[in-house]
Visitor: 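Following this message is one structure expressed as structure tokens.
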Amino acid sequence: MPELPEVETIKRSLHPKLVGRKIRDCEIFYEKCIKTHAPEKFINGVRGATIENIERRGKYLKIFLNTAEILLIHLRMTGRLIISPKGDPVTKHTHVIFHLDNDLQLRFIDIRKFGTLYLLPGEELHKVRGYRILGPEPFGEEFTLEYFKKAVKERKKNIKTLLLDQDVVAGIGNIYADEILHAAGINPARPAESLNGNELEKLYHSIKRELKKGIENRGTSFSDYVDGEGRKGKNQDYLSVYHRQGCNCSRCGCEIIKTKLGGRSSHYCPGCQE
DNA sequence: GGAGTTGTTCCGCC
DNA sequence: AGGCGGAACAACTC
């Protein structure tokens, strides 16, 4: 499940392979993943373009083309972007192939076909709702403690669900939300408005710390995730609660519980998350 | 073949 | 009006 640390790791691994390269051609095997154009139009839009830069915003990847258009990609649950030599066999679930001007290809692979690709002029990014509503980047200047306190206070929904709202802060998904709340010692079911100043401050710092740890470990390869060169991350070896139900909490020794919250699996320690 | 999986979006309610 | 919870949806694996 690519969340901010995974998408950041993919961006870093693709950057040296893609920037400066020209897209010689493009093949689409599953048309529904292209959200902005008919397939032929999409192909015409990328063919011949040179890749100038790659950035991440929330869980989105932005590939800047010299045509002033941006290739915007969201991997959702199981999407992968992989650099492959052109001779490599095309595996099942490969939906789009970008042929580069060397012997490499960029392949979009997605078992569940939830991932989405958009091609649009830079000034039209806001037309993609999920992109438009994104809140501040957790490592950006806008994401201050003051901003965070204001965004959370007087909200009645539980704090776990609020952390997953991309308009509060961009990039947190189910794994890191559980890890962040454990690190901060806060029960995921707590109404956001019930958190005091001290707890909000702990939570704020835990968001930054856990996401940073995820990036340093090059992502969490719990099931499908690999980076742009097919390498797994190692953050799954350092998780405190996610998918650790039945194990003992490393902080207090209590048994980790798995519940449902807002329709999502939620893992926490009943001993030290109050 | 039903349950489980998650990020996003929609809808109805208060 | 806007926040909220719940459901729908994407499609596959086991």
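Below, all heavy atoms of this structure are taken into account, side chains as well, without hydrogens, waters or symmetry copies. In what follows, chains carry the letters A, B, and so on, assigned in the order in which the sequence lines appear, proteins first and then strands, with residues in each chain numbered from 1.
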Visitor: By the 4.0 Å heavy-atom rule, please label A:Y60 as base, sugar-phosphate, or nothing.
Guide: nothing
Visitor: Atom NZ of A:K156 and atom P of C:dG5: how far apart are they, to the nearest Å?
Guide: 10 Å
Visitor: Choose from B:dT6, B:dT8, C:dC4 the nucleotide whose nearest atom is closest to any side-chain atom of A:K59.
Guide: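 Nucleotide nearest to A:K59's side chain: B:dT8.
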Visitor: Take atom NE2 of A:H93 and atom P of C:dA10, then tell me their distance rounded to the nearest Å.
Guide: 18 Å
Visitor: From A:K156 NZ over to A:S194 OG, what is the distance, rounded to the nearest 0.5 angstrom?
Guide: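 Between atom NZ of A:K156 and atom OG of A:S194 there are 11.0 Å.
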Visitor: Rounding to an integer number of Å, can you tell me how far A:H74 NE2 sits from B:dT6 P?
Guide: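 Distance check: A:H74 NE2 to B:dT6 P gives 15 Å.
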Visitor: Mapping A:K157 and A:R264 onto DNA chain C by nearest heavy atom, which one lands closer to the 5' end?
Guide: A:K157
Visitor: Rounded to whole Å, please give me the gap between OH in A:Y225 and P in B:dG7.
Guide: 15 Å
Visitor: Using 30° and 60° as the class limits, which term best fits the ring planes of A:Y118 and A:Y60: parallel, tilted or perpendicular?
Guide: tilted
Visitor: Which nucleotide, B:dT6, B:dT5, C:dA10, lies nearest any side-chain atom of A:K258?
Guide: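 Shortest atom-to-atom distance from the side chain points to B:dT5.
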Visitor: Taking the nucleotide of DNA chain B with the nearest heavy atom to each, does A:S265 or A:G130 sit closer to the 5' end?
Guide: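 In this pair, the answer is A:S265.
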Visitor: For a quick check of understanding: with a heavy-atom distance under 4.0 Å over all strands, which category does A:Y176 fall into, base, sugar-phosphate or nothing?
Guide: nothing
Visitor: Measure the distance from CG on A:N158 to P on C:dC4 and round it to the nearest whole Å.
Guide: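 Roughly 10 Å, once rounded to whole Å.
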Visitor: Could a donor-acceptor pair under 3.5 angstrom be found where the side chain of A:R112 meets the base of B:dT5?
Guide: yes
Visitor: Check whether the ring centres of A:Y242 and A:H267 lie less than 6.0 Å apart, and answer yes or no.
Guide: yes
Visitor: Could you tell me whether the phosphate oxygens of C:dC4, OP1 or OP2, come under 4.0 Å of any side-chain nitrogen or oxygen in A:R155?
Guide: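 So the side-chain polar atoms of A:R155 do come within 4.0 Å of the phosphate oxygens OP1 or OP2 of C:dC4, strictly under.
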Visitor: With the side chain of A:I111 defined as its heavy atoms from C-beta on, choose the nearest nucleotide among C:dT13, B:dT8, B:dT5.
Guide: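 Selected nucleotide (nearest to the side chain): C:dT13.
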Visitor: Say whether, by atom type as modelled, one donor and one acceptor occur between the side chain of A:E6 and the main chain of A:T220 under 3.5 angstrom.
Guide: yes
Visitor: Side chain of A:R129, heavy atoms from C-beta onward: which of B:dT9, C:dA11, B:dG7 has the nearest atom to it?
Guide: B:dT9
Visitor: In terms of side-chain heavy atoms of A:K260, which of B:dG7, C:dC4, B:dT5 is nearest?
Guide: B:dT5
Visitor: Closest approach to the side chain of A:F114, judged atom by atom: which nucleotide of B:dT6, C:dA10, C:dG3 is it?
Guide: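 Side chain of A:F114 sits closest to C:dA10.
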Visitor: Kindly point out which of B:dG7, C:dT13, B:dT5 is positioned nearest to the side chain of A:K92?
Guide: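 Output: C:dT13.
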Visitor: Looking at B:dG7, I'd like to know if its phosphate oxygens (OP1 or OP2) sit under 4.0 Å from a side-chain N or O belonging to A:Q166.
Guide: no
Visitor: Between P on B:dT8 and CD1 on A:I172, what's the gap in Å once rounded to a whole number?
Guide: 12 Å
Visitor: Rounded to the Å, how far apart are A:E193 CD and C:dC4 P?
Guide: 8 Å
Visitor: A:K32 has a side chain; which of C:dA11, B:dT6, C:dC12 sits nearest to it?
Guide: C:dA11
Visitor: For the pair A:S221 (side chain) and A:G233 (backbone), establish whether a donor and an acceptor sit closer than 3.5 Å, ignoring hydrogens and angles.
Guide: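 Side chain of A:S221 to backbone of A:G233, a donor-acceptor pair under 3.5 Å: yes, one is there.
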Visitor: Could you point out which residue of A:E210, A:K208, A:E216 forms a side chain to side chain contact (heavy atoms under 4.5 Å, CB included) with A:K212?
Guide: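 Among A:E210, A:K208, A:E216, the one that satisfies the side chain to side chain contact (heavy atoms under 4.5 Å, CB included) with A:K212 is A:E216.
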Visitor: Check every atom of B:dG7, C:dA11, C:dC4 against the side chain of A:E3 and return the nucleotide holding the closest atom.
Guide: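 The closest nucleotide is B:dG7.
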Visitor: Over how many whole Å does the gap from A:K160 atom NZ to C:dG5 atom P extend?
Guide: 14 Å
Visitor: Relative to the 5' end of DNA chain C, which residue comes earlier, A:E154 or A:K113, by the nucleotide with the nearest heavy atom?
Guide: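 The residue whose closest nucleotide sits nearer the 5' end is A:E154.
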